[in-house]
Visitor: 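Attaching a single structure in structure tokens format; questions to follow.
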Amino acid sequence: MNLILFGPPGAGKGTQAARLVARHGLAHVSTGDMLRAAVAAGSELGRRVGEIMDRGELVPDELILALVRERLQQPDCARGFVLDGFPRTRAQAEALDRLLAELGRALDAVIALDVPDEVLISRIETRIRETGGARSDDNAETLRRRLEVYHAQTAPLLDYYRDRGLLYVIDGTRSIDEVTRAIEEVLGRIGKETG
Ligand code: AMP
């Protein structure tokens, strides 16, 4: 089973991806986590990427695609994967289609967590209070930019996947457990449809 968990920053993609990994043995492919690892490694590339992330902008497609191409060929992805935070642009979505065709794989579903901006802003404010802003891109200014980028570049992909019959939208304002249940319900439906 190959999934995309889609949604704006702070929608709960990481939390739900971790549950899908635990429950279905899928590999968690988070481009944000991969980039944070590159930043933590302290390379020159990591430094440049960190500056882009701190501004709330997108890291160049070619760099992201190189990371994803390598990651999807690792053995743990053979049993299925959940993409979290990727694709974020039309170019990334098209490149993903080409890459999956090349690897002889296909997407089963794109599960979008729908959360309005006001809810995301109040959630991030809570997270900053509770963690003391552990992530350097966790601040109100960066979030505003991340949301602008999401609406301009990433949200249009909803139509891209709706047109392909892959899109399932879930109300992401509900509790973590309720969202998990809604995701499991979608997976059950897909299971039935594909026999
Ligand atoms: P995330 O943890 O997915 O919210 O990602 C954190 C930051 O990493 C984003 O705000 C971007 O700067 C960068 N990033 C993560 N995934 C991508 C992607 N697919 N394309 C471009 N930039 C990304």
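We use all heavy atoms of the structure for the numbers below, so side chains are in, but hydrogens, waters and symmetry mates are not. A quick note: this is a predicted structure, and the numbers were derived from the prediction, not measured. Residues take their numbers from the sequence shown, with the count starting at 1. Counting convention: from 1, in listed order, for ligands and their atoms alike.
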Visitor: Any chance CD1 of Ile176 has more than 12 other-residue heavy atoms, nucleotides or ligands included, within less than 6.0 Å?
Guide: no

Visitor: Against Thr180, only a single residue in Arg174, Glu185, Gln16, Arg23 fulfils side-chain hydrogen bond (donor to acceptor under 3.5 Å, both in side chains); can you say which?
Guide: Gln16

Visitor: Cut-off 3.5 Å, side chains only: do His151 and Asp117 have a donor facing an acceptor?
Guide: yes

Visitor: Which bit of Ile64 is near ligand 1, meaning a heavy atom under 4.0 Å away: side chain, backbone, both or neither?
Guide: side chain

Visitor: Using a plain distance cutoff, I'd like to know if Asp33 has any nitrogen or oxygen under 3.5 Å from a nitrogen or oxygen of ligand 1.
Guide: no

Visitor: Would you say Leu58 and ligand 1 have an N/O pair spaced under 3.5 Å apart?
Guide: no

Visitor: Just jot down the ligand 1 atoms closer than 4.0 angstrom to any heavy atom of Gln92, in number order.
Guide: 18 (C), 19 (N), 20 (N), 21 (C)

Visitor: If the plane angle is over 60° it's perpendicular, under 30° parallel, otherwise tilted; pick one for Phe6 and Tyr150.
Guide: tilted

Visitor: Would the number of heavy atoms belonging to other residues, nucleotides or ligands and lying under 6.0 Å from CZ of Arg164 be above 12?
Guide: yes

Visitor: Identify, by atom number and element, the atoms of ligand 1 in contact range of Glu57, meaning under 4.0 Å from any of its heavy atoms.
Guide: 11 (C), 12 (O)

Visitor: So is Lys13 in contact with ligand 1, going by heavy-atom distances below 4.0 Å?
Guide: no

Visitor: Is the shortest side-chain heavy-atom distance between Leu157 and Val110 below 4.5 Å?
Guide: no

Visitor: Among Arg146, Gln153, Glu51, which residue places a heavy atom closest to atom 6 (C) of ligand 1?
Guide: Arg146

Visitor: Nearest heavy atom to atom 5 (O) of ligand 1 wins, so pick from Arg55, Met53, Arg88, Arg145.
Guide: Arg88

Visitor: Output the list of atoms in ligand 1 that are nearer than 4.0 Å to some heavy atom of Leu35, sorted by atom number.
Guide: 8 (O), 13 (C), 14 (N), 15 (C), 23 (C)

Visitor: Which residue pairs satisfy the salt bridge (Lys or Arg N to Asp or Glu O under 4.0 Å) criterion with at least one member in residues 56-70, sequence neighbours excluded?
Guide: Glu57-Arg145, Arg69-Glu102

Visitor: Can you list the ligand 1 atoms lying under 4.0 Å from a non-hydrogen atom of Arg36?
Guide: 2 (O), 6 (C)

